[in-house]
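Note that the structure is a prediction, hence the values are computed from the model and not measured. Numbers for residues simply follow the sequence, beginning at 1.
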Amino acid sequence: MKNVILGIMLLFVAFSTQAQDKKNKNAKYAVEINGNCEQCQTRIQKAAYSVSGVKSAVWSIETHQLSLILNEEKTTVAEVKKAIAKVGPDSDEAKTTEEVYNNLPGCCQYDRNK
């Protein structure tokens, strides 16, 4: 009887540890962020690094792609996009306000109808 109970408990522990969703501490993402110039690049990367858990953030002027490495235990891509939108550039999920966009330098203003 003890062996049956011990076996059931062992089985329960094995299944419960498998069911836990493990977060990646070095998750890599490529995200499209609107922008035009080096000022945009600085603004985007600085905003991304302001989010706790972002380990690397590199935005390409040519491709408009932000390459991210982040700790999924601390943050999400959506949180990074929100932080970037607060300083001006839009993404697919997070849009900046008209007031913030209008205060961007002329070279940083892009066609928002894309």
Side-chain angles (χ1 to χ4, degrees):
M1 185 67 175
K2 282 185 178 179
N3 288 342
V4 172
I5 293 173
L6 184 60
I8 292 172
M9 287 177 57
L10 186 60
L11 196 61
F12 176 77
V13 169
F15 281 121
S16 67
T17 56
Q18 271 186 336
Q20 293 178 359
D21 187 22
K22 297 196 183 219
K23 302 286 184 175
N24 190 345
K25 291 187 178 183
N26 289 308
K28 296 180 182 181
Y29 296 94
V31 180
E32 186 169 344
I33 305 290
N34 291 321
N36 295 326
C37 62
E38 289 180 9
Q39 285 184 31
C40 296
Q41 184 179 45
T42 301
R43 185 177 291 106
I44 291 166
Q45 291 175 179
K46 185 176 179 180
Y49 279 117
S50 74
V51 178
S52 178
V54 173
K55 294 182 175 186
S56 174
V58 179
W59 184 76
S60 168
I61 296 171
E62 293 80 27
T63 64
H64 295 197
Q65 292 291 311
L66 175 65
S67 299
L68 283 173
I69 299 176
L70 55 87
N71 182 342
E72 291 180 326
E73 292 177 347
K74 295 183 178 182
T75 193
T76 64
V77 174
E79 290 298 317
V80 176
K81 288 179 179 180
K82 287 178 191 174
I84 293 170
K86 287 180 182 177
V87 297
D90 289 333
S91 67
D92 59 344
E93 292 178 14
K95 305 293 183 194
T96 192
T97 64
E98 281 297 318
E99 180 182 357
V100 171
Y101 177 78
N102 290 334
N103 286 328
L104 290 173
C107 62
C108 295
Q109 293 184 356
Y110 48 86
D111 182 12
R112 294 185 81 192
N113 297 325
K114 289 184 185 179

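Closest approach of Pro89 to Ile44, counting heavy atoms only: CG-CG1, 3.5 Å. Closest approach of Thr96 and Arg112 over heavy atoms only: O-NH2, 3.0 Å. The minimum heavy-atom distance between Cys107 and Cys37, with the atom names listed, is SG-SG, 3.6 Å.
The CD atom of Gln41 sits 11.0 Å away from atom SG of Cys108, with the distance rounded to the nearest 0.5 Å. Expressed to the nearest 0.5 Å, how far NZ of Lys82 lies from OG1 of Thr76 amounts to 7.0 Å.
Not a single donor-acceptor pair under 3.5 Å links the side chain of Asn34 to the backbone N or O of His64. No donor-acceptor distance shorter than 3.5 angstrom exists from the side chain of Thr75 to the backbone of Asn71, with no hydrogens or angles considered.
Under the 4.5 Å side-chain criterion, counting only non-hydrogen atoms from C-beta, Lys25 is not in contact with Glu72. At a threshold of 4.5 Å between non-hydrogen side-chain atoms, the residues Asn26 and Lys55 count as touching. Using a 4.5 Å cut-off on side-chain heavy atoms (C-beta onward), Ile33 and Ser91 make contact. In this structure, Lys74 and Glu79 have side chains that are not in contact, with every pair of non-hydrogen atoms separated by 4.5 Å or more. At least one side-chain heavy atom of Val80 sits under 4.5 Å from a side-chain heavy atom of Leu68. A heavy-atom distance below 4.5 Å is not found between the side chains of Leu66 and Lys81. With contacts defined as side-chain heavy-atom distances shorter than 4.5 Å, the pair Trp59/Ile61 qualifies. Leu104 is listed as a side-chain neighbour of Arg43, based on a closest heavy-atom distance under 4.5 Å.
In the hydrophobic clustering of this structure, Leu70 does not group with Val58; members are Ile, Leu, Val, Met, Phe, Trp, Tyr whose side-chain heavy atoms approach within less than 4.5 Å, directly or through other members. Hydrophobic clustering (ILVMFWY, side-chain heavy atoms < 4.5 Å, transitive): Val51 and Tyr49 are in one cluster.
Environment of CD in Glu38: sparse, with no more than 12 heavy atoms of neighbouring residues, nucleotides or ligands closer than 6.0 Å.
Under the 3.5 Å distance criterion, with hydrogens and angles disregarded, a donor-acceptor pair is assigned to the side chains of Asp90 and Tyr110.
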